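For reference, the structure discussed in these notes is given below.
Here the structure is a predicted model, which means the values were calculated and not measured. In what follows, every chain begins at residue 1, and chains take the letters A, B, ... in the order their sequences are listed.
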Amino acid sequence: MAIKLYSTLSRKKELFETIEPGKVRMYVCGVTVYNKAHIGHAMFALVFDILRRYLTYRGYEVRQVINFTDVDDKIINRANQMGMDPFVLAQNYITEFQAQIAALNILPATVNPRATQEMPQIIRMIEGLIEKGYAYPASNGDVYFRVNKDEDYGRLSGRKLEDMQSGSRIEIEEAKESPLDFALWKAAKAGEPFWESPWSQGRPGWHIECSAMNLSHLGEQIDIHGGGNDLIFPHHENEIAQSESYTGKSFARYWVHNGMLQFGGEKMSKSLGNLVTIEEFLTKHDGDVLRMMVLNSGYRNPLTYTDEVVEQTERALDRLKSALRPALPGAKGLGEEGRQALARQGEASKASFIEAMDDDLNTSGGLAALFELVRAINQARADGATEAELAAGQALLRELGAVFGLRLITDEGKPQAAAPFIELLIEIRAEMRKQKLWAMSDLIRNRLTELGVTLEDSKEGTGWRYQE
RNA sequence: GGCGACGUGGCCAAGUGGCAAGGCAAGGGUCUGCAAAACCCUGAUCGUGGGUUCGAAUCUCACCGUCGCCUCCA
């Protein structure tokens, strides 16, 4: 079995083969830290966390680099508005984002480089591009990339230079040779932070930092380059232009782009202002819920975010967890046939999970495989499986859930201090039920429900659990 | 205007040439004193109209609709 990944460059699913056997070099464009992160940002982080976890599960050693853009116009503007130092502002949002990533159970990247910490590499790269004629310093202290010099410019996004020029609304910058040339280096205006360079006191353009970080943290050629599909043009197009012009080698083998989170029919974005921050989401919902939403659909398609969808997803997550509940009180055991049926379903689910995930990370299909396993486990439990008989299936569910990055937190994580008292109430209620004191029995049950404890009666006794 | 993607049951969403996964909701049933949970059963011919093919949700053309990029953007 082989893994296939869709690459934006070829617009096809391609067989996944790494440069170095068994090792994956993955670069993902991170966020510009000028504001609170929203759940659209969480989506990209979740998608590439899932990709990374899956590749690891399939035996690869994954080196994942995700950058922070910590100096740019928006950061500077925002800092000025707030009367803050731009570097402090950036650092605060980085700290906050990393905490939220952890709360979402996203593994920290192998490296989180930052633009401000890569200046020597960035400057070296710009110098190299100038030497080769791919870039030129302008009279205003900026340095621009000479787009016309790059013959296959536009091949990632499928654009032609002529088309862009005719319909373009790019402001004309006097210092540029051509309107489509983009900045590698920007001279600082008064009051802006700057670094020394051969051309001016200034800062790097947005695209060059990623090229430089790739080079210093992963090498000249990488396996996977990822990010949101809104970055295809111009950001990734420009990255390819810079990196390949500089090294003379093809840059990334697989260009992987996730779809946008849709909110109210539009892309959730900072500029549109239609956003739900990660912070807000996490005060209301478990992090697994957002992950489940991502898993339920194809990573390349837009993801619909509505309150209704969140609710549905929460229920679906409850169902997944339902399989992890303990055996019924007084379970008599399945017998040989039942044990084998459950084992067979486990194997089948695992196989179809891998088959789906191998096919361009079909998480929705993988999730379906988990639900098949859930049904089999619940069936077995209903048929009287003991704790020991359920254990293997449940362990597999946890194993595959962990490949998705789902925590599947159940009662075990919750405080058990109340347990003896709840059990006491159940005991008393059992006496009442014997005497058919239904009103009192129901009162106890209802009151406990209000307190977040669900009672479930069965022939063999009454079980209880915290509401999910 | 240019480039690209998408339109599958009430909702979310896989499938991309050979009898339409999965989840949520809904209805019926089993269990229960009643519940709850779980289990069992029930539903779509795939935006519209042509074309290719023995056969299409899947390929092709047109049209309608939605979204993304073309300017900072995960």
Side-chain angles (χ1 to χ4, degrees), chain A residues 8 11 28-32 34 37-48 66 69 72-74 77 154 157-160 162-171 180 206 226-235 237 257-262 265-272 292-293 295-298 300-306 308-320 322-323 325 328 352 356 359 362-372 374-375 377-383 433 436-439 441-442 445-446 449 454-459 463 465 467:
Chain A
T8 306
R11 299 190 189 282
V28 185
C29 287
V31 289
T32 301
Y34 72 100
H38 58 72
I39 52 179
H41 299 123
M43 181 183 173
F44 101 82
L46 284 165
V47 165
F48 289 98
I66 306 181
T69 299
D72 93 319
D73 293 351
K74 291 192 300 295
N77 292 340
S157 55
R159 285 154 214 260
K160 296 184 185 117
E162 312 86 75
D163 295 344
M164 284 189 277
Q165 269 154 350
S166 54
S168 110
R169 284 173 278 146
I170 297 168
E171 60 186 276
L180 288 169
W206 176 36
N229 68 15
D230 54 346
L231 297 181
I232 294 171
F233 190 89
H235 185 55
E237 195 71 72
H257 293 104
N258 64 277
M260 295 292 102
L261 187 74
Q262 299 289 123
E266 286 178 303
K267 176 175 82 158
M268 182 174 289
S269 82
K270 292 176 189 171
S271 43
L272 289 171
M292 275 289 279
M293 287 177 58
L295 291 169
N296 185 46
S297 73
R300 287 190 278 127
N301 297 332
L303 181 63
T304 311
Y305 184 92
T306 63
E308 192 190 358
V309 170
V310 176
E311 189 130 331
Q312 288 177 3
T313 307
E314 271 176 327
R315 302 258 168 81
L317 184 60
D318 287 345
R319 174 161 173 76
L320 219 46
S322 74
R325 290 180 197 154
L328 262 22
S352 62
D359 182 15
N362 183 346
T363 52
S364 180
L367 202 52
L370 293 199
F371 279 114
E372 282 166 21
V374 166
R375 178 176 298 110
I377 293 170
N378 285 341
Q379 250 165 10
R381 186 193 299 98
D383 290 347
R433 292 181 68 214
K436 300 196 193 297
L437 297 170
W438 306 128
S441 304
D442 291 351
R445 188 173 63 198
N446 292 341
T449 302
T454 304
L455 296 195
E456 289 172 354
D457 297 327
S458 76
K459 260 185 223 153
R465 62 191 161 84
Q467 271 156 27

Q. Between B/G17 and B/C59, how far is it from one P atom to the other, in whole Å?
A. 7 Å
Q. According to the Watson-Crick and G-U wobble definitions, with both distances under 3.5 Å, which nucleotide is paired to B/G7?
A. B/C64
Q: To the nearest 0.5 Å, tell me how far A/Met43 CE sits from A/Met268 CE.
A: 11.0 Å
Q: For A/Leu295 and B/G22, give me the distance from atom CG to atom P, rounded to whole Å.
A: 18 Å
Q: Could you check whether A/Phe371 and the base of B/G23 form a stacked pair, meaning centres closer than 5.5 Å and planes differing by less than 30°?
A: no
Q. Could one point to a donor on the side chain of A/Ser269 or the base of B/A74 with an acceptor on the other under 3.5 Å away?
A. no
Q) Is the shortest side-chain N/O distance from A/Lys436 to OP1 or OP2 of B/C34 below 4.0 Å? A) no
Q | Whichever of A/Gln262 and A/Leu231 has its nearest RNA chain B nucleotide further upstream toward 5' | A | A/Gln262
**Q.** G-U wobble or Watson-Crick pairing nucleotide for B/G1 (cut-off 3.5 Å, both distances)
**A.** B/C70
Q) Given that both distances must come in under 3.5 Å, which nucleotide forms a Watson-Crick or G-U wobble pair with B/U42? A) B/A26
Q: Answer with base, sugar-phosphate or nothing: what part of the nucleic acid does A/Gly463 contact at a heavy-atom distance below 4.0 Å?
A: nothing
Q: Could you measure between the two P atoms, the one in B/C63 and the one in B/A26, and give it in whole Å?
A: 43 Å
Q) Does A/Thr363 place a side-chain N or O at less than 4.0 Å from the phosphate oxygens OP1/OP2 of B/A14? A) no
(Q) Suppose you measure atom P in B/U53 against the same atom in B/U48; what distance do you get, rounded to whole Å? (A) 23 Å
Q. Under a 4.5 Å cut-off applied to non-hydrogen side-chain atoms, are A/Arg433 and A/Asp457 in contact?
A. yes
**Q.** Within-4.5 Å side-chain heavy-atom neighbours: A/Asn296 and A/Gln312
**A.** no
Q. Which whole number of Å gives the distance between the P atom of B/C31 and that of B/U16?
A. 42 Å
Q: Give one of base, sugar-phosphate or nothing for A/His235, where a contact means two heavy atoms less than 4.0 Å apart.
A: nothing
Q) Can you check side-chain contact (heavy atoms from CB on, under 4.5 Å) on A/Val374 and A/Ile377, steps first, answer last? A) CA-CA 5 Å; A/Val374 166; A/Ile377 293 170; 5.9 Å; no
**Q.** Spacing of the P atoms in B/C41 and B/C34 (rounded, Å)
**A.** 24 Å
Q.
Using a 4.0 Å heavy-atom cut-off, does A/Gly227 contact any base of the nucleic acid, only the sugar-phosphate backbone, or nothing at all?
A. sugar-phosphate
Q. If you check every side-chain atom of A/Thr32, which of B/A13, B/A74, B/A38 has the closest atom?
A. B/A74
(Q) How many whole angstroms separate atom CG of A/Asp230 from atom P of B/A5? (A) 17 Å
Q.
Whether A/Arg315 contacts B/G23 is assessed here as follows: a side-chain N or O lying under 4.0 Å from the phosphate OP1 or OP2. Is that the case?
A. no
Q) Under a 3.5 Å cut-off for both distances, is B/G33 Watson-Crick or wobble paired, and to whom? A) none
Q. Nearest to the side chain of A/Phe44 - B/G23, B/A74, B/A36?
A. B/A74
Q.
Base, sugar-phosphate or nothing for A/Asn258? Non-hydrogen atoms, less than 4.0 Å.
A. base
Q: Look at all strands and tell whether A/Ala316 reaches a base, only sugar-phosphate, or nothing, counting heavy atoms closer than 4.0 Å.
A: sugar-phosphate
(Q) Regarding A/Asp318 and A/Arg315, does a basic nitrogen lie under 4.0 Å from an acidic carboxylate oxygen? (A) no
Q | Whole-Å distance separating the CG atom of A/Asn301 from the P atom of B/A13 | A | 8 Å
Q: Would you classify A/Asp457 as touching base, sugar-phosphate or nothing, given that sugar-phosphate means primed atoms plus P, OP1 and OP2, and contacts are heavy atoms under 4.0 Å?
A: base
Q.
In whole Å, I'd like the distance from the CE atom of A/Met260 to the P atom of B/A74.
A. 9 Å
Q) Between the base of B/G4 and the side chain of A/Asn229, is there any donor-acceptor pair under 3.5 Å? A) no
(Q) Using the C1' atom as the point on both nucleotides, what is the distance between B/U32 and B/C19, in whole Å? (A) 40 Å
Q: Determine whether any donor atom in the side chain of A/Asn296 lies under 3.5 Å from an acceptor atom in the base of B/G22, or the reverse, and answer yes or no.
A: yes
Q) Does A/Arg433 make a side-chain N or O approach to OP1 or OP2 of B/U32 shorter than 4.0 Å? A) no
**Q.** Nearest-nucleotide 5' precedence on RNA chain B, A/Arg300 against A/Glu372
**A.** A/Arg300
Q: In sequence, state the C-alpha distance, the side-chain angles, and the governing distance for A/Asn378 and A/Arg375, and then conclude on side chain to side chain donor-acceptor pair (under 3.5 Å).
A: CA-CA 5 Å; A/Asn378 285 341; A/Arg375 178 176 298 110; over 6 Å; no
Q.
Taking the side chain as everything from C-beta on, heavy atoms only, tell me whether A/Leu46 gets closer than 4.5 Å to A/Met293.
A. no
Q.
Just the rounded figure in Å: distance from P of B/A36 to CZ of A/Arg381.
A. 18 Å
Q) Does any donor-acceptor pair link the side chain of A/Arg159 with the base of B/C69 at a separation under 3.5 Å? A) yes
**Q.** hbond_proxy A/Asp383 side chain to B/C39 base (donor-acceptor, 3.5 Å cutoff)
**A.** no
**Q.** Any donor-acceptor N/O pair under 3.5 Å between B/A35 base and A/Arg445 side chain
**A.** yes
Q. Rounded to the nearest Å, what distance is computed from the CD atom of residue A/Glu237 to the C1' atom of nucleotide B/U71?
A. 16 Å
Q: Would you classify A/Met292 as touching base, sugar-phosphate or nothing, given that sugar-phosphate means primed atoms plus P, OP1 and OP2, and contacts are heavy atoms under 4.0 Å?
A: nothing
(Q) At less than 3.5 Å, do the side-chain atoms of A/Gln379 and the base atoms of B/C39 form a donor-acceptor pair? (A) no
Q | Minimum-distance nucleotide (side-chain atoms of A/Ser364 versus B/A14, B/A36, B/A74) | A | B/A14
Q) Checking all strands, does A/Gly226 fall into the base, sugar-phosphate, or nothing category for heavy-atom contacts under 4.0 angstrom? A) nothing
Q.
For a quick check of understanding: with a heavy-atom distance under 4.0 Å over all strands, which category does A/Leu320 fall into, base, sugar-phosphate or nothing?
A. nothing
Q. Nearest heavy-atom pair of A/Met260 and A/Gly228: which atoms, and what distance?
A. CE-CA, 3.8 Å
Q. Where the side chain of A/Gln312 is defined as all heavy atoms beyond and including C-beta, which of B/G23, B/A21, B/A74 is the nearest nucleotide?
A. B/G23
**Q.** Rounded distance (Å) that lies between atom C1' of B/U66 and atom CG of A/Leu261
**A.** 16 Å
Q: In whole angstrom, give the distance that lies between atom CG of A/Asp318 and atom P of B/G22.
A: 20 Å
Q | Side chain proximity check, A/Phe44 to A/Val31, heavy atoms < 4.5 angstrom | A | yes
Q: Could you give the distance separating B/G47 and B/U8 at their P atoms, to the nearest angstrom?
A: 6 Å
**Q.** Sugar-phosphate only, base, or nothing, as touched by A/Glu311 at under 4.0 Å among non-hydrogen atoms
**A.** nothing
**Q.** A/Ser297 side-chain proximity, nearest of B/A14, B/A36, B/G23
**A.** B/A14
Q) Between A/Phe48 and A/Asn258, is a side-chain contact (heavy atoms from CB on, under 4.5 Å) present by the stated rule, with each step listed? A) CA-CA 9 Å; A/Phe48 289 98; A/Asn258 64 277; 3.6 Å; yes
Q: Using the C1' atom as the reference point in each nucleotide, state the distance between B/G7 and B/A35 in Å, no decimals.
A: 42 Å
